[in-house]
Amino acid sequence: MPELPDVEIFRQYAEKNALNQEIEKVTVDEPKIAETDESQLNEELKGRELIRAERLGKYLLLTTTKENILVMHFGMTGWLEYKQGEKHRHTRASLIFSNGYALNFINPRKLGRISFSSNLDAFQKEKKVGKDALAIKLEEFQDLIRKKKGTLKSFLMNQSIIAGIGNIYSDEILFQAGMNPKRQISELEDYQHMALFQLIKEVLHKAIEHNADPGNMPLSFIIPRRKEGEKCPACGGEVKKDKVSGRGFYYCPTCQK
DNA sequence: GTCTTTGTTGGCAC
DNA sequence: AGTGCCAACAAAGA
């Protein structure tokens, strides 16, 4: 689930629910997902409040009153819940507020991570996070795509180049662009760089507008039809599955050349 | 039981 | 150095 649009929805949720409340304590139920351990998280967060919820690629950044950052990454599956009372069984960590509510980090497969950072730039460098896919400008995008090699799909999914696009949304962007994910980026002309740039923005914005809910995407999207034998929303042909850089992808052989 | 899965990292080959 | 491929991590569903 958690690619850029999903994390953006989580960001909005955290912003709406969890800011400006005193943090009473932090609990970690699964130490594996905490790169900063429970006692240190408490040291940094106890008695403070969250004042901003931001996002960088697939990372959610919760800034504290001391201008430090609680960083969350959801891995392959995960979400947030702000609630009182019983926790979801896959809750791996919680921020407990003085009003009795908790912001729960739910992460069934334990591939997500939370950590604490005092410096966003240092964090971004250390984790090799590139430009956020919604923040990047056309000129920056063109510089990057001109000097990189490899397939379109691996380019879009490489977080150190552009941050936020994963397997699902790279499929969607390339479907909308009418480009085969296996194509080499070196084959593209400048006008195609621009088209791709526009479609990255458009697909991600539309997904966010639709709450990043795969069951609620525009009819023109291939996302709801990521299954072999489904029909292409553009031409009615059959959706096919293939593999590149170790990841399965779905596409329409007729529409994507 | 087997295979696949929305992510990331590290190892190996070229 | 850059790129591709694979395994590992973990758990759930088909």
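A, B, ... follow the sequence lines: proteins, then strands. Residue 1 opens every chain. Computed over heavy atoms, backbone and side chain alike; hydrogens, waters and symmetry mates excluded.
In this structure, the CZ atom of A/Phe155 is 10 Å from the P atom of C/dT3, given to the nearest Å. Following rounding to the nearest Å, A/Ile145 (CD1) and C/dT3 (P) show an atom-to-atom distance of 12 Å. Atom pair A/Ile162:CD1 and B/dT8:P shows a separation of 14 Å (rounding to whole Å applied). To the nearest angstrom, C1' of B/dG7 lies 16 Å from CG of A/Leu156. Rounded to an integer number of Å, the gap from CE of A/Met76 to C1' of C/dG13 is 13 Å. Following rounding to the nearest Å, A/Arg92 (CZ) and B/dG7 (P) show an atom-to-atom distance of 19 Å. Regarding A/Lys147, its NZ atom lies at a distance of 14 Å from the C1' atom of C/dA1, rounded to whole Å. Rounding to whole angstrom units, CD1 of residue A/Ile161 and P of C/dT3 are separated by 7 Å.
Nucleic acid contact for A/Ile168: sugar-phosphate only, since backbone atoms but no base atoms lie under 4.0 Å from a heavy atom of the residue. Residue contacts for A/Arg89: at a heavy-atom cut-off of 4.0 Å it reaches the sugar-phosphate backbone alone, with no base atom in range. Using a 4.0 Å heavy-atom cutoff across all strands shown, A/Thr151 reaches sugar-phosphate atoms only and no base atom.
A close approach under 4.0 Å does occur between a side-chain nitrogen or oxygen of A/Lys58 and OP1 or OP2 of B/dG7. Between A/Thr77 and C/dA11, a side-chain N or O to OP1/OP2 separation shorter than 4.0 Å is absent. OP1 or OP2 of B/dT8 sits under 4.0 Å from a side-chain N or O of A/His73. In this structure, A/Lys149 does not reach the C/dG4 phosphate: none of its side-chain N or O atoms is under 4.0 Å from OP1 or OP2.
Taking the six-membered ring where tryptophan is involved, the planes of A/Phe141 and A/Phe197 are tilted, since the angle between them lies from 30° to 60°.
Side chain of A/Lys148, nearest nucleotide from B/dG7, C/dT3, B/dT8: C/dT3. Listed nucleotides: C/dA12, B/dT9, C/dC5. Nearest to the side chain of A/His90: C/dA12. For A/Lys127, the listed nucleotide lying nearest its side chain is B/dT9; candidates were B/dG7, B/dT8, B/dT9.
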*From CA spacing to verdict: side chain to side chain donor-acceptor pair (under 3.5 Å), A/Asn99, A/Gln21*: CA-CA 8 Å; A/Asn99 65 1; A/Gln21 302 162 48; 3.2 Å; yes

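Ranked by how close their nearest DNA chain C nucleotide is to the 5' end, A/Gly150 and A/Glu30 are led by A/Gly150. With the nearest nucleotide of DNA chain B identified for both A/Lys243 and A/Tyr59, A/Lys243 has the one nearer the 5' end.
A/Ile223 and A/Met217 get closest at one heavy-atom pair: CG2-CG, 4.3 Å.
With respect to A/Glu8 and A/Arg55, a salt bridge is recorded, a charged nitrogen being found less than 4.0 Å from a carboxylate O.
Sorted by first then second residue, the salt bridge (Lys or Arg N to Asp or Glu O under 4.0 Å) pairs that include residues 72-88 of chain A, not counting sequence neighbours, are A/Asp29-A/Lys87.
B/dC3 and C/dC6 are spaced 15 Å apart, taking the P atom of each and rounding to whole Å.
A/Arg109 contributes a side-chain N or O that forms a donor-acceptor pair with the base of B/dT5 under 3.5 Å.
Separation of the A/Tyr250 and A/Phe175 ring centroids does not fall under the 6.0 Å cut-off.
When only modelled atom types and interatomic distance are considered, A/Asn68 and A/Ser118 share no side-chain donor-acceptor pair under 3.5 Å. Side-chain contact annotation: A/Lys153 with A/Asn167, donor-acceptor N/O pair under 3.5 Å present.
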Tabulated below should be each protein N or O lying under 3.5 Å from an N or O of nucleotides 2-4 of chain B; please produce it.
{"unit_1": "B/dT4", "atom_1": "O3'", "unit_2": "A/Lys241", "atom_2": "NZ", "d": "3.4"}

